[in-house]
Amino acid sequence: MTTYAPSEIEAKWQAAWADAETFKAVRSEDKPKYYVLEMFPYPSGNLHIGHVRNYTMGDVIARYKLATGHNVLHPMGWDAFGMPAENAAMASGGHPKDWTYANIAHMKSQMLPLGLSLDWTREFATCDPEYYGQQQALFIDFLEKGLIYRKKATVNWDPVDMTVLANEQVIDGKGWRSGAEVERRELVQWFFKISDYSEELLNALDGLDDWPAKVKLMQSNWIGMSRGIEINFERTDGGDPIVCYSTRPDTMRGASFIAVAPDHPVSKALADDNPELAAFVDECRKMDTTEVAMEKAEKKGIDTGIRVKHPVYPDQELPVWIGNFVLMDYGTGAVFGCPAHDQRDLDFARKYDLPVRNAFYMPGEEVEVANEALVPAKSEQVVFIDHFAGIEKVTSQEAIDATIDYFEANGLGKGQTKFRLRDWGLSRQRYWGCPIPIVHCDDCGVVPEAKEKLPVQLPDDVSFDIPGNPLDRHPTWRDCACPSCGKPAKRETDTMDTFVDSSWYFARFTAPRASTPTDIDDAAYWMNVDQYIGGIEHAILHLLYSRFFARAMQMTGHLPQGTEEPFNALFTQGMVTHEIYKTTDKDGRPVYHFPSEVTDGKLADGTKVDIIPSAKMSKSKKNVVDPDEILAKYGADTARWFVLSDSPPERDVEWTASGAEAAYKHLGRVWRIAHEISTSDGGDAAQDEDLLRAMHKTIMDATNGIESFGFNAAIAKLYGFTATLAKSKASVGAKREAAKVLAQLMSPMTPHLSEEVWSLLGEEGLIANAPWPVADESMLVEDTITLPVQVNGKRKSEIAVAADAAKDVVESIALSDEAIQKHLDGATPKKVIVVPGRIVNIVI
RNA sequence: GCCGGUGUGGCGGAAUGGUAGACGCAGGGGAUUCAAAAUCCCCCGCCAGCAAUGGCGUGCCGGUUCGAGUCCGGCCACCGGUACCA
């Protein structure tokens, strides 16, 4: 072999690793353990370049940790339940199960040639009955401990297809298939009591030192702790008082109306015999259930005719409105509106001609609010008008605290800490998910299935020719015996949210074949995940749910102590984006095209496509890249090297094919250099020190780069060192040493090439098992350094000084520099700043 | 709407508050070759200038500092999340 031949090299070394079981995770007490995990993929059918990037990052860490003496656990599996499988079945026949397992087989066949250091003996899919059966056992244990309960909740209902729609299936308030106006419908559903852990999940964020600050901030805002007050408003008609929750009781003087949610008991009661109100409530029900739809919808309301007394100014009466912007889920489902200090309330007040009264002014600006609400930061000082608690000029925050005290002291309300976080609804009215192991018995009610009957398996004989849940209409599947009394009963036909599947898979990987959800010894050894890697799109829900699950599993004895926070370190890699290519069909509907179908902005038949700027790769937009082509052309090492080299790991990367060629050239160059060294001798030993100094500097830089997720920076240093090595005239002995180290430093990114170079240079054994090189500190010390010299903060020259030169020596060298003299032009510097080892700045 | 993030040459990007543009791509020039491919070497932010050099320059406006891509305030654009996409 005289040229770099990745296809030969890669197959050879993958076989060698498999024979040696190099990546099998083994428990032993002589080494520290390291658990590295990348978020497992949804088996959409094709690996895309984003997967390659994600798994390569994890692989770099895993291989590096192996080389630094750890027992590494690096598993892989499949997040295999979910809607796309059912959609595929509806669109083109077939069965979700067949579709899913075929996709897994294909994706695995694409993943294997990447040479990832995965322990494939631990592989599982969440749709394996062995996995979801254990998940059903967890459900039953959680239920017993009071972590799961039932209540009514709203869903998007498609009245034509007679089915529940996911939020993404509702487009502009209409069902994606039927086009029918979507309605909200209440169903009894199962919930995890995650809200019991609101405060704990919030406080524990502080301990997550190796999580990105932005993720902790997003979770913190999501949990959304607020201090407020519940205030009773007495009705003038003697009905039950309306309880409002407010975080801004300091604005009470400006209260001008009460707004209740359309599904508030008051609204419901009135709608029963008031057709106008009923029509409005009905209209509100037509809105889809997402937060964004609620917030962006036009704020509308209707006066109920009910009046309440202002609790502080009893001679004032406030009208009670039903508002489409009030959420029954948050607080008490009723708020008071203070138009002067809330823009939404102000818009509402102007629209319906309600009074606007300031509660406070800014100091020195006694201006009544017109069309822009006065909403200063809570830390700003404001002047209150006629404040009932006797306060005048304080910050809003102080006023809030004082008002809560005043209300409590006068029996007008009670201080409350509330959380934005809602309980997690897990019921889904779909087939392709984990069946909820519950039996409904006429006599015994809601009964969990007996554990020895698990898994409650999905039936295979189902059809998807009509919408709706096939479990519901299956002729026999629902029929069962009540686990409690033994009489005929019916199974629950709802399945679990797929977030449940991904909330504990990391724990299952520690003992994937255990006959219980986890093996406590294995979990104790391998948990926690030392490094978790995944997309920022999971910053809130998946990670929060997993944190909740770790606590719940601990409470039910499925995880040992110390695993409340299951992910010690988190890294959120950027997404791979791509342009979107769109044309329009004869009815004006968009048609998307894969990048492989588009050349120079045109389809094969010459049709020009519209190019939409890069966005997250998604199947529906077809802006995905299939890595098969890259692997066939260049091999895995090139693909791995390129996805890491071109962009910092935490940032999005736009896929371009042009860089792959460059990566391939570089790897060929490294191979050639090693080949040359292995077949030559001689050289000039006087050059050795320069080469070895560069080598030790590179060991340090590349190691730091890997440890800090600066893979692109590490690669830049490796490019530089390769050039140094290529040009070096040093002795073959030194060059051999340098090439071996280069191969090692590259090995986490280009493992196959590195093994080949290692063996070319005469090393026995696998580079994967070789100890990581350590930089010799004494080779890193420099005698002379170059310092930039600025005049008034702009660089004008540079000087060479001894590394340990004193400040005044540096100053005089700088001042006597020819270029600096010219700039000073005889003037005396006002000030000279010398930052040792960094810079000199002369101020004139 | 709300929460979080990002913005630097033709392009991807580098830079503990200290030489802006490392490294790579594209482009230009050269060596080698009968010729090409491959490989190797050099140049490459913008404007002015033959050059030396000077001025400008990190989305926009302002501030802090001897010094700001980096810190602070206010905007703009784009990306992610927004609880049933995964």
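All chains are named by letter (A, B, ...) in the order of the sequence lines, taking the proteins before the strands, and each is independently numbered beginning at 1.
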Taking any heavy-atom pair under 4.0 Å as a contact, classify [X]: base, sugar-phosphate, or nothing.
{"X": "Leu787(A)", "result": "nothing"}
{"X": "Lys299(A)", "result": "nothing"}
{"X": "Glu298(A)", "result": "nothing"}
{"X": "Gln429(A)", "result": "base"}
{"X": "Ile833(A)", "result": "base"}
{"X": "Ser502(A)", "result": "nothing"}
{"X": "Trp222(A)", "result": "base"}
{"X": "Ala662(A)", "result": "sugar-phosphate"}
{"X": "Val789(A)", "result": "nothing"}
{"X": "Lys214(A)", "result": "sugar-phosphate"}
{"X": "Gly720(A)", "result": "nothing"}
{"X": "Val164(A)", "result": "base"}
{"X": "Ser645(A)", "result": "nothing"}
{"X": "Lys665(A)", "result": "sugar-phosphate"}

Heavy-atom pair with the smallest gap, counting every atom of Leu544(A) and Gln219(A): CD1-OE1, 3.3 Å
Determine which nucleotide pairs with [N], using a 3.5 Å limit on both distances of a Watson-Crick or G-U wobble pair.
{"N": "rA20(B)", "answer": "none"}
{"N": "rC60(B)", "answer": "rG74(B)"}
{"N": "rU53(B)", "answer": "rA48(B)"}
{"N": "rA31(B)", "answer": "rU39(B)"}
{"N": "rG1(B)", "answer": "rU82(B)"}
{"N": "rA26(B)", "answer": "none"}

Quote, to the nearest angstrom, the [atom1] distance that separates [N] from [M].
{"N": "rG10(B)", "M": "rC44(B)", "atom1": "P", "answer": "16 Å"}
{"N": "rG28(B)", "M": "rG81(B)", "atom1": "C1'", "answer": "46 Å"}
{"N": "rG57(B)", "M": "rC43(B)", "atom1": "P", "answer": "27 Å"}
{"N": "rG17(B)", "M": "rU65(B)", "atom1": "C1'", "answer": "9 Å"}
{"N": "rG69(B)", "M": "rG13(B)", "atom1": "C1'", "answer": "13 Å"}
{"N": "rA77(B)", "M": "rA83(B)", "atom1": "C1'", "answer": "28 Å"}
{"N": "rG54(B)", "M": "rU16(B)", "atom1": "C1'", "answer": "32 Å"}
{"N": "rA26(B)", "M": "rG4(B)", "atom1": "C1'", "answer": "35 Å"}

Whole-Å distance separating the [atom1] atom of [X] from the [atom2] atom of [N]:
{"X": "Gln790(A)", "N": "rA20(B)", "atom1": "CD", "atom2": "C1'", "answer": "12 Å"}
{"X": "Ile673(A)", "N": "rU39(B)", "atom1": "CD1", "atom2": "P", "answer": "12 Å"}
{"X": "Tyr4(A)", "N": "rU39(B)", "atom1": "OH", "atom2": "C1'", "answer": "17 Å"}
{"X": "Ile715(A)", "N": "rG12(B)", "atom1": "CD1", "atom2": "C1'", "answer": "13 Å"}
{"X": "Asp701(A)", "N": "rA15(B)", "atom1": "CG", "atom2": "P", "answer": "12 Å"}
{"X": "Lys296(A)", "N": "rU82(B)", "atom1": "NZ", "atom2": "C1'", "answer": "11 Å"}
{"X": "Arg651(A)", "N": "rA15(B)", "atom1": "CZ", "atom2": "C1'", "answer": "13 Å"}
{"X": "Phe711(A)", "N": "rC23(B)", "atom1": "CZ", "atom2": "C1'", "answer": "17 Å"}

Select one nucleotide: of [options], the one nearest the side-chain heavy atoms of [X].
{"X": "Asn712(A)", "options": "rG13(B), rC85(B), rG1(B)", "result": "rG13(B)"}
{"X": "Pro788(A)", "options": "rU19(B), rG5(B), rG18(B)", "result": "rU19(B)"}
{"X": "Ile839(A)", "options": "rA86(B), rU82(B), rU19(B)", "result": "rU19(B)"}
{"X": "Glu537(A)", "options": "rC66(B), rC56(B), rA86(B)", "result": "rA86(B)"}
{"X": "Glu168(A)", "options": "rC85(B), rG1(B), rG80(B)", "result": "rC85(B)"}
{"X": "Arg795(A)", "options": "rA20(B), rA86(B), rC66(B)", "result": "rA20(B)"}

So, OP1 or OP2 of [N]: does either fall under 4.0 Å of a side-chain N or O from [X]?
{"X": "Ser647(A)", "N": "rG13(B)", "value": "yes"}
{"X": "Asn792(A)", "N": "rG67(B)", "value": "no"}
{"X": "Thr498(A)", "N": "rA86(B)", "value": "yes"}
{"X": "Asn221(A)", "N": "rG4(B)", "value": "yes"}
{"X": "Arg420(A)", "N": "rC2(B)", "value": "no"}

Comparing Leu165(A) and Ala723(A) on RNA chain B - which has the more 5′ nearest nucleotide: Ala723(A)
RNA chain B: 5'-proximal contact among Val843(A) and Ile540(A) (nearest heavy atom): Val843(A)
Any side-chain heavy-atom pair of Asn792(A) and Val843(A) under 4.5 Å: yes
rG9(B) glycosidic torsion: syn (within 90° of 0) vs anti: syn
Test item: Lys299(A) side-chain N/O and Ala297(A) main-chain N/O as donor-acceptor pair under 3.5 Å: yes
Between [X] and [Y], is any side-chain donor less than 3.5 angstrom from a side-chain acceptor?
{"X": "Thr290(A)", "Y": "Asn167(A)", "answer": "no"}
{"X": "Ser502(A)", "Y": "Asp79(A)", "answer": "no"}
{"X": "Ser195(A)", "Y": "Asp423(A)", "answer": "yes"}
{"X": "Asp494(A)", "Y": "Gln189(A)", "answer": "no"}

Heavy-atom donor-acceptor pair, Arg838(A) side-chain to rU16(B) base, under 3.5 Å: yes
Charged tip of Lys151(A) within 45° of Phe191(A) ring normal and under 6.0 Å: yes
Identified side-chain hydrogen bond (donor to acceptor under 3.5 Å, both in side chains) counterpart of Asp347(A) within the set Arg344(A), Lys351(A), Gln343(A): Gln343(A)
Whether His542(A) and His538(A) hold their rings parallel, tilted or perpendicular, with breakpoints at 30° and 60°: perpendicular
